[in-house]
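Below is one structure, written out as structure tokens; the observations come after it.
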Amino acid sequence: MTKLDLDPQVVRKARRLAERAAAPIIEMARTHTTVSVERAQLRLGGLSGADSDGLPWVNHLVDAVRDQVGLEHGVALPVWDALRNEPYDDLAGLARAAALGAVTFRIPKGSDADAAAELARRSAREGIGRVDRRRAERDTMLREVGDPAQPWIYLIVATGDIYEDIPQAQAAAREGADVVAVIRSTGQSLLDFVPEGATREGYAGTYATQENFRLMRSALDDVSKELGRYVRLTNYASGLCMPEIATLAGLERLDMMLNDCMYGIIFRDINPRRTFIDQRFSRQIHARAGIVINTGEDNYLTTADAVDAAHTVVVSQLLNERFGKEAGLTDRQLGLGHAFEINPAIPDSFRLELAHAQLVRELFPDAPLKYMPPTKHMTGNVFAGYLLDAFFNLAGIMTGQSIILIGMMTEGIHTPWLSDRDLALENVRYVREACGALAEDFVPRPDGFVVQRARQVLSESVDLMERICDDTLLTAIADGTFGVTRRPADGGKGLDGVIERADAYLNPVIDILDSEDPHAAAGGVPTPAGSARE
Amino acid sequence: MTKLDLDPQVVRKARRLAERAAAPIIEMARTHTTVSVERAQLRLGGLSGADSDGLPWVNHLVDAVRDQVGLEHGVALPVWDALRNEPYDDLAGLARAAALGAVTFRIPKGSDADAAAELARRSAREGIGRVDRRRAERDTMLREVGDPAQPWIYLIVATGDIYEDIPQAQAAAREGADVVAVIRSTGQSLLDFVPEGATREGYAGTYATQENFRLMRSALDDVSKELGRYVRLTNYASGLCMPEIATLAGLERLDMMLNDCMYGIIFRDINPRRTFIDQRFSRQIHARAGIVINTGEDNYLTTADAVDAAHTVVVSQLLNERFGKEAGLTDRQLGLGHAFEINPAIPDSFRLELAHAQLVRELFPDAPLKYMPPTKHMTGNVFAGYLLDAFFNLAGIMTGQSIILIGMMTEGIHTPWLSDRDLALENVRYVREACGALAEDFVPRPDGFVVQRARQVLSESVDLMERICDDTLLTAIADGTFGVTRRPADGGKGLDGVIERADAYLNPVIDILDSEDPHAAAGGVPTPAGSARE
Amino acid sequence: MKQRQAATDVPEAQDIPSIIRPYGDTTGDAMVQMSFTLPVPAGRRAEIAALRLAGQMGLDPASVVHSKPMGPNFTFFIVYGKVNHLIDYAGIEVPAGREYPLLAAKEVDLAIRTVLNRRLVVVGACIGTDAHTVGIDAILNVKGFAGEKGLEYHREIQVINMGAQVTVAELVERAKAENADAVLVSQVVTQKNAHIHNTKQMAAAFHDAYPTAVGPGMGRPLLIAGGPRFDTVTEEELGVDRIFGKGTTPGEVAAYLVHALLPNWIPSEPS
Amino acid sequence: MKQRQAATDVPEAQDIPSIIRPYGDTTGDAMVQMSFTLPVPAGRRAEIAALRLAGQMGLDPASVVHSKPMGPNFTFFIVYGKVNHLIDYAGIEVPAGREYPLLAAKEVDLAIRTVLNRRLVVVGACIGTDAHTVGIDAILNVKGFAGEKGLEYHREIQVINMGAQVTVAELVERAKAENADAVLVSQVVTQKNAHIHNTKQMAAAFHDAYPTAVGPGMGRPLLIAGGPRFDTVTEEELGVDRIFGKGTTPGEVAAYLVHALLPNWIPSEPS
Ligand code: B12
Ligand code: B12
Ligand SMILES: Cc1ncc(COP(=O)(O)O)c(C=O)c1O
Ligand SMILES: Cc1ncc(COP(=O)(O)O)c(C=O)c1O
């Protein structure tokens, strides 16, 4: 249902520009690898676990290869070559030995290379097969337990302790959450390794680990069956280990992942090149695993003004869409983000929000949009906060948003309490049930305030996208275009983990991801439920 | 702006039926008087004060007349006759003596009667003149200090102590209240006299007395000047002394009065005949004084279901309109009441509310509608209450209501605290400022849910009105049509205060009110501000 | 017909700790939220006063997360903090709950017919200046409450509902005239403790009016008070036999009448 | 230029009573609102527990106006009641407020140029894993806060903003390298008291790194901590020289730098 009468010419132009702006970045991603991409390959190959200090074996192995022969050929050849030659049963054995300095790596040539490549390919196929099976498992559960209609209610748990998180997540599901996100500990995104095991000591969030993923997914499977409604699990594929976390998500049947093309750059000061290279791999995995990604445009509005910077959100969405599609994600997997962050003190703030939300809805009609609640203007006045969250919920309903992150009245104070979440769910439940199909009575006056504002934001977006095409995206990022934060292309953390691929670079996982239709194994049907919007 | 496409034929029919249903009641009112109507006449004549037990002199005088000569001729002739014959300077002296049994009353005849009537007429003209001057005073203040645009924010104070009420009312005005209502003590409506003086001991409300009116109006005049915005004062012309309170309101420049045609009957078990007779007089005074009345249909929805009984609200509004116009009130003085009382647990409750509110808006386009917040479904959950009040505020804006009674999150718990009121004002302020002219984007889908519901309520209203015309309004009331409360025509309190007028009945105040255009003295222009709605 | 459960509350798991504290998001964090107004101008000094109050209430640490001037003389505060109190949950005697079983409507009528051999007379009213009849009507009138019919519905109960704003004198007089077995009063307005004063006054009047009474049903009617905010007082304090609070259903009251007035009746099918 | 008032708060009327209580709608009513969760199943026993807690906090009477089961093991409560505490308002020393005057930007630069005869060096960072830079940026960056320019804007202040997630070791090293006059750290995440731990750790590291220091500006940099939730601790507890809270403006910080580091400077136009 279109209400804004957007000019299709302008919309097409915006997409063409996004494609142009993304092209050089995609080219860079196709010609580089990173330590985490290589580690992800090993994880898909079945290597898990860590030494007694908690440093994972994948890190040991990749570091050892890098030290001895560099990474420009990828780890596949040297690792499977070593496995052929050395007396280790599996990657784990090899990694332990490598950690002790007991393994000598080389880049095999000729038939040795062929043989190592063959083993690596088999391992990759097996790993991808496991991801495929997880996707099939989800499809089965969705059929059997039932898939809730959109909009989905998205809730956060953030105790830092997986064993406190689990009952809170189950409680949230029982009270109506369709999606549960386990927020990560503050420090994790800068760690260049993925912690291991079940963890209980995060700060303002719980570490993303394979075991935590497994525990939570299994707890949610239980509650899904109890409720007759599949409850989705979300985590964060971002930070220095984005490719590995995406891989673990695929292996443990997570359902959605925060995976933005620029979040780590802007909000964690991670090197832009590292981010874009890691991102392409992660998104290919997400595509294959039937995972919906959520992008992070909402974050810009916490550091920039939501009115002044509205067009930067749209520009970023167009870029995220382009990068996503290039990596194989379907429209139904593009949970593009935006947010209700306009200063409530300014006149007509709610109508401005409606204009922005409806614009995004019409620009991306098939994407399961993720709509974020107010955070920046939430204060210690919890009553005012509860009110603002209600209007956020209302805007979501009036503009047909798909995934609604539930706002907490205590956003300005602390990470959510059990009762905050419960009250927040009562809030959204009231708004949803009371308003029903109110969206059909929301008809912005032709050429009125809402329509004009939407057009203005779209036209500012096209202008900005043109400038980005001229100057390159890396320059735009360096100039502080997004979130008024300047991030030069060679600054930030993790650049030393970026390696240009040699001609003979081999990564059989990437070969599969680059060459196959990610949705073919699932019958071509992307997992996420059809949107319930009209 | 009409959005519901109501059939004008049906609307006209509804009004015709209301006229028919009201006719016999009006006839009754024109042929009867009550003790309070007679007392009101004396109050207009300048008689105030009470004995040391607090029983007003007007009561003493009317009771004495009644005891000696009955009231069917009215008090005017016997009282002014006695004043001519007895050695008292004024009504006060006469009343004191009468209270001691020291006065003998008679119904004067011939030239004695003419002379007494002449004095009474002079007194009535003087009293009405005082009311006219108050109205002129208001008009001047509105011009000089400024008249806020509608919708007006209406707030209640209810401490029981006029000296606590005053600073709270001023605080409310400073925070944005356009109208302040001083709720009355629980017992007052059943008192057959008006208490005297400044009072400090009401229960859940403060006594309506002339002195309290004066103190509060003067405090609000101060704050009006401070704010550059005339702050209106409201009280309750209902209960056994409705005519006297209306008169005191006129004398002390109150601006709005709760004055419903059936509230006292249904919710205070006051005799129906007494109520209707008192009511006509009160409304004539209100018309003359330029006071806006507020009707009480909202109350029905506290005892009946807001969906099932929606049409009883409309029927009552049509009756109130008819009674009001017959008494000389203009459309701009008809603050017809309705309320946001649908159970929030039922699906589409908000859209149903929009349908009801928009229906009333379109049926009475020129009336300053008074919209009441949720009360019945307000619980101890103050967060849920704050939310429901926000949606009430929103419905008010989306449907262009005129006078918004601000809901308190603690409605289910206690009479408003200072902070409840402050938070409530923050709530409505946010909703108003954030939504601006959102009403223009609210376009119910033709033949959609909202439109169909509005039509259904209107058609049920016409059906009910037909039944009332057939059976008489008094029968309908006896049958529990309004607020599911049965009130037989001869039951309830105060019937013994009703007296059929004799042919020679004289009440010069009524003569003036019946024969003159109430708005002529004010240049024909009713006081209330033009509505700011488009 | 299957009788409803007479016991109280939900069954409790064995693993609830015996000493508990409030819960924010972690066991034992003891976090609570508060709001209040202080009659002083906003500012640093007012904030300290708010924190002092929080301290006296046992909050440590406490944070003023919001403060808002309301005019020149008042400040509104929202405070969050950790309370240092422990609640001895194990030491809370599991409340007796309903000390009598719920009964089917037929069972109530049967009890009255059998034991009393006449209709049981109840007189109800909202006393004082209270005009909130919805609550007492919910108990007395056929229409009832929460899907249960009111007492009027019982063949064997004669209900006299005097309505609103009834004086204590009128009520006593009527109760005597009707030979009431039970008197039911409702009080909804609580401002300045009106409900407590009125109910005490009513109880005293009945005790005066029946000076020789031995107890409820023995020389005087059973006295029942109801309303949403009687949770701060006990029967003894008010001088009544029983208080019913928020959400009371007519069935609970009917069963109580049988229990209190026909103590020897043994329900055919206990529950 | 007229200087802004250095004193604290609004001027107070003389007629504020010296002993105060919370205010609902009547002087002295002492009413407050509370909400909290108890880790027990909903029911009468839970309600009693809630009232016990309220009692311990000094609420009497207290009413549970709302209780809501949250799953089988938790119950949420809203309670209103009258607190029996008195607040000795007169006894609260009017807080010193800002112990130094605000200064115009030019005045700050003049002070530094005159007294120090070189640029004043400040190093700022969000330490630990905290990545909330908006607050420290508001103080340091030209853009500033609430209409005031940040410290960078001053000709005579050299600002090194290290950004987010800086370790204490990195911070100490940089402060030494730059010969910092002041070190400004921001802490926004408070879960598990992260802000307090991190700030204490930072302070300890600086005291270790400058073992011979006599005081701020005398052998070690001035240590300033800022963030929205430091209101439960004092400078002494953290080991820093000054804490800045919610709503701090850059001007307040600039004036404090002059006050603390250039104590002998006498503003040309005092305020
Ligand atoms: C409906 C209502 C009205 C209607 C009453 C219509 C009527 N015929 O009853 C009208 C509109 C007339 C009205 C008027 C006023 N009201 Co009123 N009203 C309410 C409202 C919205 C709902 C009350 C209700 O019906 N609840 C539903 C019933 C079923 O619940 P209940 O009464 O608790 O009864 C249950 C139990 O308590 C128990 N029970 C109750 N009585 C008894 C008796 C016995 C014997 C037993 C066994 C059980 C029992 O069983 C019932 C069923 O479970 C409340 C606000 C709210 N949301 O609670 C305000 C409220 C009660 N009203 C209030 C006030 C102040 C007034 C006025 C005094 C205002 C004024 N000054 O004009 C007037 C005057 C009334 C008067 N003289 O008493 C205040 C009381 C404040 C206080 N705590 O002191 C409230 C809380 C609103 C507020 N926050 O200000 N009101
Ligand atoms: C913006 C924001 C973000 C942005 C930060 C962007 C950025 N570049 O800073 C993003 C989106 C990245 C973010 C992420 C997260 N956030 Co965040 N975020 C906020 C938010 C919405 C606003 C904070 C803000 O900018 N305030 C405005 C500034 C101007 O105020 P301020 O910081 O208080 O600063 C003022 C004063 O305190 C003082 N001041 C502050 N520092 C200093 C230093 C000095 C030296 C001086 C003198 C003064 C001073 O002066 C400033 C101006 O007056 C708050 C919620 C809220 N409404 O408060 C949550 C909030 C702070 N975030 C929170 C959390 C948990 C996170 C995450 C950890 C969640 C997660 N697990 O993923 C992440 C990770 C961040 C990390 N590693 O630290 C929590 C913290 C909970 C707690 N109390 O512990 C909050 C409260 C939200 C919540 N309720 O859960 N967040
Ligand atoms: C898009 C996106 N990615 C990732 C994160 C999580 O941050 P971190 O990577 O620090 O855990 C967020 C947090 O809001 C986010 O919005
Ligand atoms: C229409 C109307 N009249 C009068 C009143 C006041 O009641 P009382 O007359 O008992 O003071 C109300 C209370 O809400 C009302 O709605």
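Computed from heavy atoms alone, side chains included, the values below leave out hydrogens, waters and symmetry copies. Letters go in sequence order (proteins before strands), and every chain restarts at 1.
- Phe392(A) and Tyr371(A) have tilted rings, their planes meeting at an angle from 30° to 60° on a 0 to 90° scale.
- Looking only at atom types and distance, the side chain of Thr375(B) has a donor-acceptor partner in the side chain of Glu341(B) under 3.5 Å away.
- By the 4.0 Å N-to-carboxylate-O rule, Asp305(A) lies too far from Lys376(A) to be salt-bridged with it.
- Residue contact with chain A, scored on non-hydrogen atoms closer than 4.5 Å, is absent for Ile342(B).
- Between chain B and the residues Ala390(A), Gly436(A), Ser349(A), the largest count of heavy-atom pairs under 4.5 Å involves Ser349(A).
- Gln456(A) and Arg453(A) share a donor-acceptor pair across their side chains, judged by distance under 3.5 Å alone.
- The candidate with the highest count of non-hydrogen atom pairs below 4.5 Å against chain A, out of Leu438(B), Ile346(B), Val450(B), is Leu438(B).
- Heavy-atom distances place the side chain of Leu423(B), and not its backbone, under 4.5 Å from chain A.
- Contact of Phe383(A) with chain B is made through backbone and side chain together, with heavy-atom distances under 4.5 Å.
- Proximity to chain A is absent for every atom of Leu352(B), based on heavy atoms less than 4.5 angstrom apart.
- One side chain, Asn381(B) or Glu426(A), offers a donor N or O that lies under 3.5 Å from an acceptor on the other.
- In terms of non-hydrogen atom pairs under 4.5 Å with chain A, the most contact-rich of Met398(B), Met409(B), Glu353(B) is Met409(B).
- Taking the ring centre of Phe442(B) as origin, the terminal cationic atom of Lys3(B) falls outside the region bounded by 6.0 Å and 45° from the ring axis.
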